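One structure follows; several queries about it will come next.
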Amino acid sequence: MDIDIFEAYESNVRRYGRSFPTVFKKSLGATIWDESGKPYIDFLVGSGALNYGHNNPDIMAPAIKYLADKNIVLSLDMYTAAKRDFIEVFVESILKPRGLSYKIQFPGPTGTNANEAALALARKFTGRSSVMAFTNSYHGMSLGSLAVSGSASTRQLGGVARHDVIRVPYENYPNQTFDSASYIDHVLGDPGSGIEKPAAIILEPIQAEGGMNTASAPWLSEIQRICRKHDVVFIVDDIQAGSGRTGDFFSFEFAKIEPDIVCLSKSLSGSGNPLSIVLIRPDMDIWNPGEHSGTFRGNNLAFVTSAAMCKMWSDRQFTKAVEGTAVKLQEHLDRLVAKFPKCIEQKRGRGLMAGLKCRSQAVVGRVHDFAFENGLLIESSGPNRDVIKVLPPITISDDELDHGIAILDQALQEKTNGD
């Protein structure tokens, strides 16, 4: 397998190529093939950007027809038929069935673009500058998003100081006994706390890069109550956990909350095409025309594939299949936790966004390498990289899921026997 050109010319910053040293060529569903024809079950799915699998025919067929008909691909924020169709389908298939009412902003096409827009709008709306963010959070690689991210190595990037961020404990940080929501409520209401009222609180319902830490419904509901009590904008970063990843379209649905702002990206297009949106409580949409921008906010091909994806959520057969797959995955992981107590400390996550907290980084490293050698792609997360992320496509077949879990089982068995 010739990878010399990448090593010779691609920047040292490359990551996944080092983790998976082969050249991939084709993909379908939950399987991708390298140039030699070797298949791999994909439990990585573009770090959550391919929730609906590779080249999903129900999503890609409209895109192929759209391109063949010489339709508009890039439109800035002008009106197009594809954009109109996306908005109509998103409202009818996603927002209305959940009783949600939002204005839709189209920023640049990445997750960090969405978070930057959300933070800027919260500051504009409240007239305040600081933002409250959580331990082990991750919100993107641009400066505003880096500032509210929790990882020390992440925050040090960029070479400039990050101001106006108040760091607070996520649920169950640092231990199960600390009530972080009560702490936040107290410091925001105590004039002696030394903490000024922030413009916003931003959080991920599941901290994917932070180690698959999962917020409970009561905690999320309490954070929303606190935000409303103290007149603070409540921002949910649903970039990786949303768009169907947990089994519901939004990862916060189970908590029956309604954030002021919701950020979506990654699997929003359903196809791997870049697309992000910011959902804004209508009275908060105080942008002036052109005040926030982004050249690639009009990715019409992504509008087409996203509309096709959203329609799937109106199909009860599809949603029942996703629910069933989530149950199967959780059962598989429960079995692995029970079978390999020397390797696995606990299961984390929810639905089809799952993780295995391992006893050490060394366990994860060996499992990762064995899995790759035997046809399974997985990655690690957490500040110590000691959590195995398990992110199969939410449309994965039972056979593919069973096969992927079998390889993961073999990898854990190999590590156990090696010790």
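Counting from 1, the numbers follow the sequence of the chain as shown. Just so we're clear, the structure is a prediction, and the values are computed from it rather than from any experiment.
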Flag for Ser397-Asp399: side-chain donor and acceptor within less than 3.5 Å: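 Side chains of Asp399 and Ser397: no pair found under 3.5 Å.
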Donor-acceptor pair, Thr325 side chain versus Ala321 backbone, under 3.5 Å?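 Side chain of Thr325 to backbone of Ala321: a pair is present.
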Just list the side-chain donor-acceptor pairs under 3.5 Å for residues 100-115, sequence neighbours left out, or say none.
residue : atom : partner : partner atom : Å
Tyr102  : OH   : Pro259  : O            : 2.6
Lys103  : NZ   : Asp285  : OD2          : 2.9
Gln105  : OE1  : Trp287  : NE1          : 2.8
Gln105  : NE2  : His292  : ND1          : 3.4
Thr110  : OG1  : Asn113  : N            : 3.4
Thr110  : OG1  : Asn113  : OD1          : 2.9
Thr112  : OG1  : Ser142  : N            : 3.4
Thr112  : OG1  : Ser142  : OG           : 2.5
Thr112  : OG1  : Ser145  : OG           : 2.7
Asn113  : OD1  : Thr110  : N            : 3.1
Asn115  : ND2  : His139  : O            : 2.7
Asn115  : ND2  : Asp237  : OD2          : 3.0

Salt bridge Glu323-Arg316, side-chain N to carboxylate O under 4.0 Å: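 Yes, Glu323 and Arg316 are salt-bridged.
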Trace of the side chain to side chain donor-acceptor pair (under 3.5 Å) decision for Glu171 with Ser216: CA-CA 8 Å; Glu171 185 176 16; Ser216 68; 2.7 Å; yes
Are any non-hydrogen side-chain atoms of Leu220 and Gln224 less than 4.5 angstrom apart?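 A side-chain contact under 4.5 Å is absent here.
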After noting the C-alpha distance and the side-chain angles of Asp231 and Arg128, does the key distance pass the salt bridge (charged side-chain N to carboxylate O under 4.0 Å, His left out) rule? CA-CA 11 Å; Asp231 191 28; Arg128 305 180 210 123; 3.3 Å; yes
Can you list the steps and then say if Ser271 with Asn273 is a side chain to side chain donor-acceptor pair (under 3.5 Å)? CA-CA 5 Å; Ser271 61; Asn273 269 295; 3.2 Å; yes
Can you find a heavy atom in the side chain of Glu400 that is under 4.5 Å from one in the side chain of Thr31?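 Yes - at least one pair of side-chain heavy atoms lies under 4.5 Å apart.
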Throw together a table of side-chain donor-acceptor distances under 3.5 angstrom for residues 369-378, partners on residues two or more places apart or in other chains.
residue : atom : partner : partner atom : Å
Asn374  : ND2  : Phe370  : O            : 2.8

By the definition side chain to side chain contact (heavy atoms under 4.5 Å, CB included), identify the one residue from Val45, Asp238, Val322, Ile239 that meets it with Arg245.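 For Arg245, the side chain to side chain contact (heavy atoms under 4.5 Å, CB included) test succeeds with only one of Val45, Asp238, Val322, Ile239, which is Val45.
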Under the 6.0 Å and 45° cation-pi test, does Arg350 pair with Phe254?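 Judged by the rule, Arg350 and Phe254 form a cation-pi pair.
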Checking Arg84 against Thr80 for the side chain to side chain donor-acceptor pair (under 3.5 Å) test, could you report, in this order, the C-alpha distance in whole Å, the side-chain angles of both residues, the deciding distance, and whether it holds? CA-CA 6 Å; Arg84 180 181 58 207; Thr80 65; over 6 Å; no
Quick one about Ser19 and Arg15 (side-chain donor to acceptor, distance below 3.5 Å, no hydrogens or angles considered), yes or no?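 The criterion, which ignores hydrogens and geometry beyond distance, is not satisfied for Ser19 and Arg15.
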Quick test of your reading of the model: are Arg225 and Asp185 salt-bridged, counting only N-O distances below 4.0 Å?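 Here Arg225 pairs with Asp185 in a salt bridge, since their nearest N and O are under 4.0 Å apart.
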Using the rule given for side chain to side chain donor-acceptor pair (under 3.5 Å), can you reason through Ser93 versus Ser314, listing the C-alpha separation, both sets of side-chain angles and the distance that settles it, and then say yes or no? CA-CA 6 Å; Ser93 297; Ser314 296; 3.0 Å; yes
Any residue meeting side-chain contact (heavy atoms from CB on, under 4.5 Å) with Leu74, in chain and number order, not counting sequence neighbours: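 Applying side-chain contact (heavy atoms from CB on, under 4.5 Å) to Leu74 gives Phe296.
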Would Thr246 and Leu352 count as a side chain to side chain contact (heavy atoms under 4.5 Å, CB included) here? Give the steps. CA-CA 5 Å; Thr246 62; Leu352 286 151; over 6 Å; no
Are there over 12 heavy-atom neighbours, none belonging to Gln317, within less than 6.0 Å of that residue's CD?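 12 or below, so no.
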Taking the six-membered ring for Trp, are Phe24 and Tyr40 ring centroids under 6.0 Å apart?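 Yes.
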Using a 4.5 Å cut-off on heavy atoms from C-beta on, say whether the side chain of Cys263 contacts that of Ile235.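 Yes, their side chains come closer than 4.5 Å.
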Measure the shortest side-chain to side-chain distance between Leu391 and Leu44 over non-hydrogen atoms and say whether it is less than 4.5 angstrom.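 Side chain of Leu391 against side chain of Leu44, heavy atoms only: no contact under 4.5 Å found.
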Just list the side-chain donor-acceptor pairs under 3.5 Å for residues 1-12, sequence neighbours left out, or say none.
residue : atom : partner : partner atom : Å
Asp2    : OD1  : Asp4    : N            : 3.1
Ser11   : OG   : Val13   : N            : 3.1

Value rounded to 0.5 Å, distance of OG in Ser27 from CG in Leu50: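 One finds 8.0 Å between OG of Ser27 and CG of Leu50.
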Could you verify whether a donor N or O on one side chain and an acceptor N or O on the other, from His332 and Asp402, lie under 3.5 Å apart?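 There is such a pair (donor and acceptor under 3.5 Å, judged by atom type) between the side chains of His332 and Asp402.
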Does Lys389 have any side-chain hydrogen bond (donor to acceptor under 3.5 Å, both in side chains) partners at least two apart in sequence or in another chain, and if so, which?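 Here the qualifying residues are Glu209, Gln240, Glu379.
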With sequence neighbours excluded, what pairs up with Asp315 under the side-chain hydrogen bond (donor to acceptor under 3.5 Å, both in side chains) test?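 Residues passing side-chain hydrogen bond (donor to acceptor under 3.5 Å, both in side chains) with Asp315: none at all.
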Between Met312 and Ile59, is a side chain to side chain contact (heavy atoms under 4.5 Å, CB included) present by the stated rule, with each step listed? CA-CA 9 Å; Met312 296 164 71; Ile59 293 173; 4.0 Å; yes
Do NZ/NE/NH1/NH2 and the carboxylate oxygens of Lys25 and Asp34 come within less than 4.0 Å?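 Looking at Lys25 and Asp34, the cut-off is not met.
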Separation between CD1 of Ile277 and CG of Leu264, rounded to the nearest 0.5 Å: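 One gets 5.0 Å once the value is rounded to the nearest 0.5 Å.
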Not counting sequence neighbours, which residues clear side-chain hydrogen bond (donor to acceptor under 3.5 Å, both in side chains) with Ser265? List them please.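 Scan of Ser265 (side-chain hydrogen bond (donor to acceptor under 3.5 Å, both in side chains), adjacent residues dropped) gives none.
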Is the shortest side-chain heavy-atom distance between Asp260 and Arg281 below 4.5 Å?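 Sidechains of Arg281 and Asp260: in contact.
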Run the salt-bridge test on Arg98 and Glu258 with the 4.0 Å N-O cut-off and return the result as yes or no.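 The answer is no: the pair does not qualify as a salt bridge.
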Could you pull out all residues at least two apart from Lys83 that satisfy salt bridge (Lys or Arg N to Asp or Glu O under 4.0 Å)?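 Scan of Lys83 (salt bridge (Lys or Arg N to Asp or Glu O under 4.0 Å), adjacent residues dropped) gives none.
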Are Phe318 and Trp313 close enough, and set up right, to give a ring-ring contact (aromatic ring centres under 6.0 Å, His included), and what steps lead you there? CA-CA 7 Å; Phe318 168 77; Trp313 287 90; 5.3 Å; yes
Point-to-point distance, once rounded to the nearest 0.5 Å, from CG of Asn299 to OG1 of Thr295: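 Here the rounded value is 12.5 Å.
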Using side chain to side chain contact (heavy atoms under 4.5 Å, CB included), reason through Phe43 and Leu401 one step at a time and then give a plain yes or no. CA-CA 9 Å; Phe43 279 10; Leu401 180 60; 4.0 Å; yes
Find the distance between CG (Asn300) and OG (Ser306) and round it off to the nearest 0.5 Å.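 It comes to 12.0 Å.
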For Asp164, give me all partners under salt bridge (Lys or Arg N to Asp or Glu O under 4.0 Å), at least two apart in sequence or on another chain.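 Per chain and number, Asp164 pairs via salt bridge (Lys or Arg N to Asp or Glu O under 4.0 Å) with no residue.
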If the condition is side-chain hydrogen bond (donor to acceptor under 3.5 Å, both in side chains), which residues does Lys197 pass it with, not counting sequence neighbours?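 Lys197 satisfies side-chain hydrogen bond (donor to acceptor under 3.5 Å, both in side chains) with no other residue.
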With Lys311, which residues qualify under salt bridge (Lys or Arg N to Asp or Glu O under 4.0 Å), at least two apart?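 Here no residue qualifies.
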Would you mind listing every ring pair (Phe, Tyr, Trp, His ring centres under 6.0 Å) that reaches into residues 344-364, with sequence neighbours excluded?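 Applying ring pair (Phe, Tyr, Trp, His ring centres under 6.0 Å) to every pair that reaches into residues 344-364, excluding sequence neighbours, yields nothing.
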Evaluate the side-chain proximity of Ile261 to Val236: yes if any heavy-atom separation is below 4.5 Å, no if none is.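 No, their side chains stay 4.5 Å or more apart.
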